[in-house]
Amino acid sequence: MEQEGKRRGFAWEEDENFLRKVEINVLIPKKIREKARVECKEYVDAFTECCSSSGIGMVVKCRKQNTTLKACLTKYYHDPEFFEMCKTEYLEERKNFRETGIKQKDLPAKQSKSEAT
C-alpha cells in the first residue's frame, strides 16, 4: 500500500540508448535496407529497367543486374559501421518522437531534410 503512486519503470524509460529486441531485429534492419537502397541506387535502377523491359524472361535476362544489386546491398547489410550509423539515426528519431510525439515520416519533407544537414 505504501507504493501506490510508484510503478516499476521499463528499461527503455531509464536508458535512452536501450534497444528492445524488435528495434534491433526489425526496425534498425528496416532502416539499413532503406538506406542501402539509396546508396545502391544505380544498381536498383539498372535492375528495375532490365526487369521492366524483359517481361517474363527477366529471371534469365537480368541475372547480372540482380547479382550486382545483391552484392551492393549485402555489403551494407554486413557493415558494422553502417549498422552503427543507422542505429544512431534511429535513436535520434526515437528521442525526437518521445519528446514531440511526431513521427519522423509525419514531418514535412522540407523540415526533415533541413534537420538532417
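Along the sequence shown, residues are numbered consecutively beginning with 1. What you see is a predicted model, and the numbers here were worked out from it, not measured in a lab.
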Exercise for the section: Tell me whether F97 is reachable from Y90 by hopping between hydrophobic residues (I, L, V, M, F, W, Y) whose side-chain heavy atoms are closer than 4.5 Å. Expected result: no

Practice task
Treat each ILVMFWY residue as a node, draw an edge where side-chain heavy atoms are under 4.5 Å apart, and state whether L27 and M85 are in one component.
Solution key: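 Yes, because L27 and M85 connect within a single hydrophobic cluster, where side-chain heavy atoms sit under 4.5 Å apart.
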
Practice task
Give every residue pair that meets the side-chain hydrogen bond (donor to acceptor under 3.5 Å, both in side chains) criterion with at least one member in residues 26-39, sequence neighbours excluded.
Solution key: K31-E89, K31-E93, K35-E89

Exercise for the section: Kindly state each residue pair satisfying ring pair (Phe, Tyr, Trp, His ring centres under 6.0 Å) with at least one member in residues 65-84, sequence neighbours excluded. Expected result: Y76-F82

Exercise for the section: Could you please spell out the steps behind the side chain to side chain contact (heavy atoms under 4.5 Å, CB included) verdict for E42 and T68? Expected result: CA-CA 10 Å; E42 66 182 82; T68 56; over 6 Å; no

Exercise for the section: Tell me if the SG of C51 lies under 2.5 Å from the SG of C62. Expected result: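 No, C62 does not link to C51 through a disulfide.
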
Please list all pairs meeting salt bridge (Lys or Arg N to Asp or Glu O under 4.0 Å) that have one or both residues in [range], counting only residues at least two apart or in different chains.
{"range": "residues 74-84", "value": "E84-K87"}
{"range": "residues 52-72", "value": "none"}
{"range": "residues 43-60", "value": "K41-D45"}

Problem - Partner set under side-chain contact (heavy atoms from CB on, under 4.5 Å) for V22, not counting sequence neighbours - result: R20, V26

Problem - For E99, side-chain contact (heavy atoms from CB on, under 4.5 Å) partners two or more places apart - result: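 E99 satisfies side-chain contact (heavy atoms from CB on, under 4.5 Å) with K95, N96 only.
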
Practice task
Answer yes or no: is there a side-chain heavy-atom contact under 4.5 Å between L19 and L91?
Solution key: yes

Exercise for the section: With sequence neighbours excluded, tell me which residues meet side chain to side chain donor-acceptor pair (under 3.5 Å) with Y43. Expected result: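 Result, side chain to side chain donor-acceptor pair (under 3.5 Å) vs Y43: none returned.
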
Problem - Interatomic distance, F47 atom CZ to M58 atom CE [nearest 0.5 angstrom] - result: 6.5 Å

Exercise for the section: First locate atom CD1 of I32, then atom CG of L73, and finally report the distance between them rounded to the nearest 0.5 Å. Expected result: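 Answer rounded to 0.5 Å: 12.0 Å.
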
Completion exercise
With sequence neighbours left out, the residues meeting disulfide bond (SG atoms under 2.5 Å apart) with C86 are none

